[in-house]
Amino acid sequence: MRGRRTPARVIVISAFILKRLALSLVTLVLLSAIVFCVGQVLPGSVGRLLLGPFADHEAVEALNASLGLDRPLLVQYADWIWGFLRGDMGRSYMYEAPVQPFIVEALGNSLKLAAVAFVIVVPTAILGGVVAALNHNKPIDRIISIGGLTMTVLPEFVTGIILILVFGVWLKWLPISAAWPDGAGGFTQIHYLILPAMPLILVLFGYIARMARSGMIEALESDWTRTAVLKGLRWRTVIWRHVLRNALLPTITVIATQTGYLIGGLVVVETLFRYQGIGLLVFTAAKGKDIPMLLAGILVIGIVYTLATLIADLLCAVFDPRIRLGGRQ
Amino acid sequence: MTAAEVKTGIDRPVARPRHDRVRLVLRTLSRSGVFLSGFAIILFWVCCALFGNYLVPYDPLASDIINALVPPSSAHWFGTDQLGRDVFSRVIVGSRDILVVAPAATLLATVIGSALGLCTGYFRGFVDDVVSRLMEAVMAIPGVILALLAIVSLGTSKVAVIVVIGLSFAPNIARTVRSAVMQERELDYVAAAHLRRESAVHVMFVEILPNVIPPILVESTVRLGYAIFAVATLSFIGFGIQPPSPDWGLSISTNYGMINGGFWWTVLFDALAIASVVIAVNLVADGVQGAFNER
């Protein structure tokens, strides 16, 4: 981990970062193009959709023109992207208001829910994986591994329903809806968010614990660990200094890539618990064919996901000497 | 003489005839408790899907308002829902749609993904770069969101669900096939085919494809688990299987609003049914993976 910062190494690192940034940018452009194209193939004209089947043809055409829908596709796309970059995400058909405030508020709510889920799942899953690895092939390892994987494969609404029944309806420990009373403090909000976060936590636990476990096992069986043990270091020191540091590297990547899953899971969980987050927003927009809202929501989700992957890669580069020194990539 | 016998790859010094390998895999599977227990659960649900209509005590679609929301009893083992329909009959017959839609979607994903994976892995270079970037962009959109977007534009129907899930899972299969093909194409039998001046299509589909069947099979069984997950989820949010089907996800979505009233039987059994199928498919996938790795 230690070493001198020579100019050559700085160049290697910056080249890596620039390359990753460029790659993310390409992904985002492609993503926005896909989202835009899908928005185009939606059936029927928007003017007809808004004015209903009995409006006369001229009115529909006029509305389409005023919405700018009669222009060439490339112009519309450029206009959409340019607006997006300036923070103008278009006007919602459903609410007849700018999309942006809705997106910002929903994203904030979703981040709250995601934060609660992450704060609970990351330490417990890493702990679970480490405990499983230290008890490799013993009953406790099997319970954590098989239990974790089983929870991972179950759809969120299935675990959600069972959790609601057990903790909300039968035991009455937790509120079954995420809608906290107005003006509730931070702790009350967290109290309301625990049950909605649980299905996400259960899915994520298996993934993260599995990565932490396999990373740990690999590190425990490695030569450097044997050397450290033979050197006469205390077991505790070996684990903390040598094993954990190397074992948790892949786990960081998994945590970041799971953000994408998390957002998909949010659609379901937010619908189930009636929580006004970005998932429910996109879902409602899809149901109501509110195209600007839908497209903006999906693009924002794509951006969040791309950023998370980027951060994961950069973190890995910072921690992993093989990448930092230009061995890989 | 099959391609497998000609192959002289260093990583596989012993080339067995293909029917021998198949027998070996089947024997391993038949001894795997994990695989067999998963297989038994799936078999049970397939029987329910096929013959459920003749086995159930009530018509799963017949409502009986007077007996609505009756708790489980000897007359109605799993109780009745808000329209008085027998939950037990609905759960048994409810396996039908998901067991058609999810495998069909997986099959579509496997066919498209294998073709894409063969092309990108075989040609590499420009084709690979373009297709891989596109697939990365598709994979950058969370699956549920992608499905929402597509189904809004295609409309809700079983075919739309199959197409959407099939297309969104294809990149994952393509990625697996691509890396397998990249290893295969370095082997001598591919070079031999090139020397015989076989066409690219022939080399890809006749020479390489049979040798990358194992990774394709493993990846498809894993994807089948995800497909069931996806179909159930889409049905739950109202974009999948449509009423009046007794589908599990759909039943949960129509009944969970009353959960606070204590009508647990209207959702619990459907939830457990979905859980059993998803877990069973994953057990089978585990077994298949183990059997191929052992070889």
Exercise for the section: Kindly check if the number of other-residue, nucleotide or ligand heavy atoms within 6.0 Å of CD (A/Glu218) is above 12? Expected result: no

Completion exercise
If you tally heavy-atom pairs under 4.5 Å between each of A/Leu272, A/Ile164, A/Leu23, A/Thr271 and chain B, the highest tally belongs to A/Leu272

Practice task
With sequence neighbours left out, write down each residue that passes salt bridge (charged side-chain N to carboxylate O under 4.0 Å, His left out) with A/Asp141, or none if nothing qualifies.
Solution key: A/Arg213

Exercise for the section: Drop me the distance from A/Ile161's CD1 to B/Ile259's CD1, to the nearest 0.5 angstrom. Expected result: 4.0 Å

Handout entry: Atom pair CE/CD1 of A/Met151 and B/Ile279 - distance to nearest 0.5 Å
Key = 7.0 Å

Exercise for the section: Taking atom OH of A/Tyr77 as the centre, report whether more than 12 heavy atoms of other residues, nucleotides or ligands fall under 6.0 Å from it. Expected result: yes

Practice task
Considering only heavy atoms and a distance below 4.5 Å, find which of B/Trp264, B/Trp248, B/Tyr226 pairs most often with chain A.
Solution key: B/Trp264

Problem - Neighbour count >12 (heavy atoms, 6.0 Å) for atom CZ, A/Phe84 - result: yes

Practice task
Measure the shortest side-chain to side-chain distance between A/Val158 and B/Asp270 over non-hydrogen atoms and say whether it is less than 4.5 angstrom.
Solution key: no

Handout entry: Side chain / backbone / both / neither for A/Ser24 at chain B, heavy atoms under 4.5 Å
Key = neither

Problem - Test item: B/Ile237 and A/Phe283 side chains (from C-beta on) under 4.5 Å apart, heavy atoms - result: yes

Problem - Top contributor to chain B interface from A/Val267, A/Leu149, A/Thr150 [non-hydrogen pairs under 4.5 Å] - result: A/Val267

Practice task
Mind telling me whether A/Phe157 and B/Phe236 have parallel, tilted or perpendicular rings, with 30° and 60° as the class edges?
Solution key: parallel

Problem - A/Trp170 atom CH2: more than 12 heavy-atom contacts under 6.0 Å - result: yes

Problem - Side chain, backbone, both or neither of B/Ile274 within contact of chain A (heavy atoms, under 4.5 Å) - result: side chain

Exercise for the section: Count the heavy-atom pairs under 4.5 Å between each of A/Val29, A/Leu28, A/Val169, A/Leu154 and chain B, then report the option with the highest count. Expected result: A/Leu154

Completion exercise
Cut-off 4.5 Å, heavy atoms of chain B, and the answer for A/Val26 is side chain

